[in-house]
Structures are given as C-alpha cells and as structure tokens.
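Accompanying notes for the structure given below.
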Amino acid sequence: MATPTLRQLEYLVTVVDTGSFTRAAEQLHVTQPALSHQIRALEAALGGPLLERLPRSVRLTPTGRAVLPHARAALAEADRLQAVARRATGLEEGELEVAAVYSVSLGILPPVLRAWRRRHPGVRIRLREYAHADRLQEAMAAGRADLAVGPAPEGWEGPIRELGVEEFTVVLAADDPLAADGSSAADDPLVADGPSGASVPLGALADRAWVHYAPDNGLADLLDQACARAGFHPRAAVRAEQTSAAPLLAAAGLGPALVPADIIPPHFDGLLLRPDPPIRRTLTAYTRTRPDPLTVAFAELLAQRARINPPVRIP
C-alpha cells in the first residue's frame with residue numbers, strides 16, 4: 001500500500017475547506033483532473049473513499065471524517081518543521097554538535113562558547129571531548145559531530161580552517177631551583193596572559209621524573225616525542241588522566257609538566273618556562289562536507305575569539 005504524501009493531504013484539506021473540487025483546483029493552481037487523480041490516489045492508499053461528491057458541494061465519508069484531523073495535524077507539523085529549519089538557517093535556534101580534544105575544551109572554547117551564547121541564545125551547543133586527536137578525527141568521520149576543533153587532521157578530505165599555532169610551556173614548582181630569582185610565577189603580572197619569558201632546554205630536565213599523561217591522552221605522545229628529540233625518554237612520576245591536572249600537579253612539586261600555554265589558569269602559582277627550542281602545534285576547525293550556516297557561523301566566531309596564543313613577555 002502506498003504512503004499518503006503531504007501534497008495529497010493538502011489537496012484533501014483544501015477540497016473540504018473550499019467545499020468544491022473546482023474552487024480547490026483554482027486555489028492550488030492545478031487542473032481539476034490532476035486534483036481528482038491525487039484524491040483517488042489518496043483514497044486508494046487509505047483503503048476507501050474519503051469524499052462524496054454532491055451536486056453543489058462535497059461531503060466527507062466516515063473514513064474521511066476520521067482522516068481529516070490527522071491530515072490537518074500532519075500539514076501543521078510540516079509547517080512547523082519548515083519554520084524551525086528557517087530559524088536554524090537564520091541562526092535563531094537549533095543544535096550544533098562540536099567535538100574537541102581535552103586541552104582545547106579547557107583553554108580555547110570557553111570564551112568562544114560564552115560569546116556564542118550571547119549572540120545566539122536559541123542555538124544549543126553539544127560538546128564532545130576526546131583525549132586523543134586520532135579519536136577526534138575518527139568521531140568526525142563517523143558523523144558524531146558537526147565540527148571538530150583540534151590538531152590538524154591527517155589525510156582529511158573535508159574543509160579545514162587553521163585557527164592558529166599553539167605554544168607549549170614547561171610548568172615547575174614556584175620554588176624550583178630553575179627559578180632564576182627565586183620568585184614564583186604568581187609574582188609575575190603577566191602570568192594570567194601566558195608564560196614568562198625565561199626558557200629551558202628539555203634536556204636540562206632529563207633526570208627529572210615528569211608529570212606525564214595517561215597513555216590514551218594525545219599529549220602523552222607529544223611529550224614523548226619532544227623529549228626524544230632532546231635525547232631522552234621522560235620518566236613518569238605520575239600520569240594525569242585529566243589534562244587540567246597536569247599543571248596543578250607540576251606546581252605542587254611532583255615534577256615538570258609540558259602543557260599548552262592557553263590552559264594555564266589566571267593567578268597560577270607555578271613557574272612557567274618556555275621550552276627551548278619551542279614546542280608548537282597547529283590547531284584547526286574541520287568538517288566532513290560543505291558546512292551549513294550554523295557551522296559556518298561557529299567557525300567564524302572561533303577564528304575571531306579563539307585565544308590560541310596568549311601574549312608572552314620577551315626578556
């Protein structure tokens with residue numbers, strides 16, 4: 001049995017409301033034979049006559065009277081669906097699914113999400129977080145989000161937008177011997193804006209036990225690779241499951257940590273040093289296909305508000 005179409009339901013309702021096939025055809029801008037054909041197709045789909053033709057009007061059959069309220073409801077729901085789509089296109093309402101690696105959701109997204117809520121209060125953001133850039137890319141490929149924010153994906157065929165180059169900083173306890181003047185980072189008025197200007201070769205920390213990351217965290221790979229380039233493998237004093245815990249544990253004296261500079265909280269009381277040579281990674285926003293207006297608007301706001309590189313004082 002064929003499924004009734006919205007067009008057929010619209011024809012039925014119009015015939016009933018106008019009381020005439022002739023007037024209904026004029027209102028719908030179709031020929032009367034075409035209208036009659038669609039009504040017969042609807043009756044065949046529903047298994048019985050819906051209208052009885054009278055000399056000067058039409059009359060609903062018992063089946064027609066049962067069907068008519070549902071036909072009106074289906075048309076009203078279709079109108080509501082179109083209105084929602086129009087409002088979403090106009091950035092008035094809808095839902096956007098954003099995926100990000102942990103460090104991005106900590107340091108970069110909060111101000112962007114705050115600005116988005118002020119501009120588009122009717123559009124909900126659903127955030128999905130991933131510990132590793134590979135898991136993020138897999139999730140995007142599987143259609144679990146509309147837009148991903150993280151390190152540049154490898155072999156990605158969809159649109160990619162560069163947001164900036166993220167700097168990493170070495171975190172130590174404020175009273176660490178490497179503190180040149182014995183002062184803590186809390187004494188530096190620019191700590192809230194980024195790491196201090198002093199630098200340290202990673203090789204100088206080869207004999208330290210590090211605040212490392214859990215093996216499934218992408219920053220664990222990044223730390224291992226950076227230390228390998230410096231000629232050593234970092235011993236782990238502790239492995240942090242949460243990215244946000246690493247700088248706090250390092251400031252508590254458990255060992256050095258390598259963290260994105262943009263996740264350092266304001267009024268941080270640890271020592272911040274630039275790794276020498278610098279450690280950086282490019283952050284991007286990417287989608288599977290040509291993005292819809294909501295996704296485009298969010299990507300534009302990311303490009304404007306994402307605080308990828310906090311200001312750094314040059315000594």
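One is the number of the first residue; the rest follow in order along the sequence. Note that the structure is a prediction, hence the values are computed from the model and not measured.
Between the side chains of Arg290 and Thr295, no donor N or O sits under 3.5 Å from an acceptor N or O. In summary, the side chains of Ser105 and Glu129 do present a donor paired with an acceptor at a separation below 3.5 Å, with no hydrogens or angles considered. In this model, a donor atom of one side chain and an acceptor atom of the other lie less than 3.5 Å apart for Thr22 and Gln32.
Taking CG of Leu222 as the reference point, atom CZ of Arg280 lies at 13.0 Å (rounded to 0.5 Å). Taking CG from Leu258 and CG from Leu202, the interatomic distance works out to 6.5 Å, rounded to the nearest 0.5 Å. In this structure, the separation between CZ on Arg208 and CZ on Phe232 is 10.5 Å, given to the nearest 0.5 Å. With values rounded to the nearest 0.5 angstrom, Tyr11 atom OH is found 6.0 Å from Leu28 atom CG. How far CG of Leu113 is from CD1 of Ile125: 6.5 Å, rounded to the nearest 0.5 Å. Atom CZ of Arg118 is separated from atom CG of Leu301 by 9.0 Å, given to the nearest 0.5 angstrom.
Counting only distance, with no hydrogens or angles, the side chain of Arg305 and the backbone of Glu300 share no donor-acceptor pair below 3.5 Å. At distances below 3.5 Å, at least one donor-acceptor pair connects side-chain atoms of Thr61 with backbone N or O atoms of Pro49. Side-chain N or O atoms of Gln8 include one that pairs as donor or acceptor with a backbone N or O of Thr5 at under 3.5 Å. Checked by atom type and distance alone, the side chain of Arg65 pairs as donor or acceptor with a backbone atom of Leu60 at under 3.5 Å.
Other residues, nucleotides and ligands contribute at most 12 non-hydrogen atoms within 6.0 Å of the CZ atom of Arg117. Residue Arg23 places its CZ atom among more than 12 non-hydrogen atoms of other residues, nucleotides or ligands, all under 6.0 Å distant. Residue-environment remark: CD (Glu157) stays at or below the threshold of 12 foreign heavy atoms within 6.0 Å.
The existence of a salt bridge linking Arg128 and Glu97 is confirmed by a sub-4.0 Å separation between a basic side-chain nitrogen and an acidic carboxylate oxygen. Contact check on Arg40 versus Glu43 returns no salt bridge, with no Lys/Arg side-chain nitrogen under 4.0 Å from an Asp/Glu carboxylate oxygen.
Closest approach of Pro247 to Phe268, counting heavy atoms only: O-CZ, 3.3 Å. Closest heavy-atom contact between Arg72 and Val16: NH2-CG1, 4.4 Å. Smallest separation of non-hydrogen atoms from Ile39 and Leu51: CG2-CD1, 4.1 Å.
There is no path of hydrophobic side-chain contacts, each under 4.5 Å, that joins Tyr213 to Tyr102.
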| request: Mind running side chain to side chain contact (heavy atoms under 4.5 Å, CB included) on Thr169 and Val171 for me, showing each step along the way? | output: CA-CA 6 Å; Thr169 184; Val171 182; 4.3 Å; yes
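Residue Pro159 is tested with Thr284, Thr287, Leu147 for a side chain to side chain contact (heavy atoms under 4.5 Å, CB included); the sole match is Thr287. The residue from His132, Gln137, Glu138 that alone fulfils the side chain to side chain donor-acceptor pair (under 3.5 Å) condition with Arg135 is Glu138.
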